[in-house]
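This is a predicted model, so every value here is computed, not measured.
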Amino acid sequence: MPAITAPDIMVLPRLPKPTETMRERPVRTVVSAPKQREGAGFEVRRPFPSMDLRTADPFILLDQMGPVAYEPHEAKGAPWHPHRGFETVTYVMDGAMVHHDSNGGGGVIGEGDTQWMTAGSGILHDELPTEQLVMAGGWFHGIQLWVNLPRALKFAAPRYQDLRGSELTLVSSHDGGALVRLIAGAVGGFEGPGSTYTPIAYAHASISPGGQLETPWPQHFTAMAYVLSGSGTVGAERRPVREGQLAVFGPGDAITVSADVRQDNRTGDLEVLLLGGQPIQEPVVQYGPFVMNTRAEIIQAMDDYQAGRMGNIPAEHLAGHRLGE
């Protein structure tokens with residue numbers, strides 16, 4: 001099941017249909033996400049940064065984890081590591097993850113939940129499958145998005161937003177053919193619960209076979225659609241897209257995503273992420289988990305991490321970290 005859903009989509013508030021005066025955003029490019037290994041060895045699809053799409057201002061990285069059916073003792077996560085200079089947004093659709101941080105915080109990100117972590121000045125954390133998923137196996141599907149912070153907020157105090165699936169704003173397309181879960185930002189007059197330093201819009205849509213999602217999109221934002229599963233087309237030109245592909249739209253006021261009549265996936269719908277934001281337009285220097293504006297700031301981040309100025313692994317987790325657990 002793809003995250004939170006609605007028993008009757010027809011009773012939900014509806015996104016407005018784009019007006020005739022709105023300009024449909026053309027499709028600039030379609031990028032296929034290459035696969036690679038991350039953390040302790042789990043596989044991700046990463047449409048950006050990649051050879052085909054190096055920058056996606058104001059976003060830094062997008063990783064799709066799954067969908068995958070883990071066998072017992074097969075699930076892996078990301079052991080303790082630092083972050084500075086940006087925000088991580090982890091959205092889980094199937095399965096669950098558990099996290100801990102150097103401030104003593106932690107919790108479970110369950111199906112439909114989003115964890116928004118502002119790393120800011122620096123924090124250590126881990127992200128692991130739950131013990132139940134490790135022991136018994138099962139389905140897992142999640143997304144992690146890195147949102148850049150402008151220079152003035154690179155050293156903001158670390159913070160969390162734990163958004164339960166029940167808190168997301170649920171709306172339908174104007175014709176009732178698509179369910180849209182708004183996580184953050186405003187689309188078509190509706191707002192998601194996520195509070196963002198960098199202005200963005202972030203949503204997960206499930207489009208019925210043969211259905212279409214037409215929606216206004218903030219004119220001053222970038223616009224992208226990433227296919228989580230299924231197949232369909234994007235834009236008025238109906239450019240084909242499938243699982244693991246990212247469509248990047250050009251300027252305009254509205255976007256269109258359509259689902260093929262046949263969907264060969266678990267949910268039976270075209271599952272797609274809609275995302276975009278206000279470009280920061282500042283220099284970006286990234287080294288692993290640090291995203292800053294200059295090389296000197298990256299060197300300082302490495303020094304601060306090694307000196308323990310981003311925090312330390314809590315004692316109750318230290319033994320397992322040393323053993324590589």
Side-chain angles (χ1 to χ4, degrees), residues 1-9 11-16 58-60 62-65 83 86-99 101 103 105-120 123 125 127 141-150 153 156-174 178-207 213 215-218 220-226 228 255 271-278:
M1 172 171 281
I4 189 77
T5 189
D8 185 0
I9 190 174
V11 303
L12 294 175
R14 299 196 177 191
L15 290 166
F59 306 117
I60 300 296
L62 180 68
D63 275 355
Q64 180 183 12
M65 304 165 283
H83 286 306
F86 63 101
E87 300 182 284
T88 67
V89 184
T90 305
Y91 172 54
V92 173
M93 290 159 280
D94 281 299
M97 296 178 65
V98 61
H99 67 96
D101 67 44
N103 292 334
V108 176
I109 314 170
E111 292 183 353
D113 297 343
T114 304
Q115 182 214 67
W116 204 296
M117 185 184 80
T118 302
I123 196 169
H125 79 147
E127 301 159 294
H141 193 190
I143 286 285
Q144 187 165 99
L145 174 69
W146 290 11
V147 185
N148 198 12
L149 289 171
L153 294 171
R159 70 171 185 177
Y160 281 108
Q161 298 174 69
D162 288 311
L163 308 176
R164 301 298 99 184
S166 58
E167 299 178 76
L168 302 187
T169 302
L170 301 185
V171 296
S172 76
S173 57
H174 67 85
L179 168 65
V180 180
R181 308 160 185 84
L182 288 174
I183 298 171
V187 176
F190 298 95
E191 292 193 12
S195 173
T196 70
Y197 281 120
T198 301
I200 71 167
Y202 189 38
H204 169 200
S206 298
I207 307 174
L213 172 60
T215 182
W217 192 261
H220 57 293
F221 281 8
T222 57
M224 295 179 284
Y226 179 71
L228 298 165
I255 58 176
E271 305 293 343
V272 62
L273 284 182
L274 306 176
L275 63 159
Q278 178 68 54

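Atom CD of Glu271 is separated from atom CE of Met93 by 8.5 Å, given to the nearest 0.5 angstrom. Annotation: the span from Phe86 atom CZ to Leu145 atom CG amounts to 10.5 Å, rounded to 0.5 Å. Separation of atoms OG1 (Thr114) and CZ (Arg181) is listed at 11.0 Å; rounding is to 0.5 Å. Between Ile4 atom CD1 and Ser206 atom OG the span is 11.5 Å, to the nearest 0.5 Å. Leu275 contributes atom CG, which lies 4.0 Å from atom CE of Met224 (distance to the nearest 0.5 angstrom). Distance CG/Asp101 to NE2/His125: 9.0 Å, rounded to 0.5 Å.
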Does Leu274 form a side chain to side chain contact (heavy atoms under 4.5 Å, CB included) with Leu213? I'd like the steps, not just the answer. CA-CA 11 Å; Leu274 306 176; Leu213 172 60; 3.7 Å; yes
From CA spacing to verdict: side chain to side chain contact (heavy atoms under 4.5 Å, CB included), Val180, Leu12: CA-CA 10 Å; Val180 180; Leu12 294 175; over 6 Å; no
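Scored by the side-chain contact (heavy atoms from CB on, under 4.5 Å) test, Ala119 finds His83, Met117, Ile123 as partners (sequence neighbours excluded). Checked against ring-ring contact (aromatic ring centres under 6.0 Å, His included), His174 has no partners two or more places apart in sequence or in another chain. Residues forming a side chain to side chain donor-acceptor pair (under 3.5 Å) with Arg14 (at least two apart in sequence, or on another chain): none. Contacts of Thr222 classified as side-chain contact (heavy atoms from CB on, under 4.5 Å), with partners at least two apart in sequence or in another chain: Pro58, Pro279. Under the rule for a ring-ring contact (aromatic ring centres under 6.0 Å, His included), the partners of Tyr160 that lie at least two apart in sequence or sit in another chain are His99.
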Just distance, no hydrogens or angles: give the donor-acceptor pairs under 3.5 Å from side chains in residues 186-203, sequence neighbours left out.
unit_1, atom_1, unit_2, atom_2, d
Thr196, OG1, Thr198, O, 2.9
Thr198, OG1, Asn148, O, 2.7

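By the 4.5 Å heavy-atom criterion applied to side chains, Leu228 and Ile143 are counted as neighbours. Residues Asp162 and Asp113 have side chains not in contact (no heavy-atom distance under 4.5 Å, counting atoms from C-beta outward). By the 4.5 Å heavy-atom criterion applied to side chains, Phe59 and Val147 are counted as neighbours.
Minimum heavy-atom separation, Gly276 to Trp217: N-CZ2, 3.7 Å. Closest non-hydrogen pair, Asn103 versus Pro158, comes out as ND2-CB, 4.5 Å. Looking at every heavy atom in both residues, Pro16 comes nearest to Pro216 through O-CD, 3.2 Å.
Screening Ile60, Leu153, Leu149 against Glu87 for a side-chain contact (heavy atoms from CB on, under 4.5 Å) leaves a single residue, Leu149.
Neither side chain, Gln115 nor Glu127, offers a donor N or O lying under 3.5 Å from an acceptor on the other.
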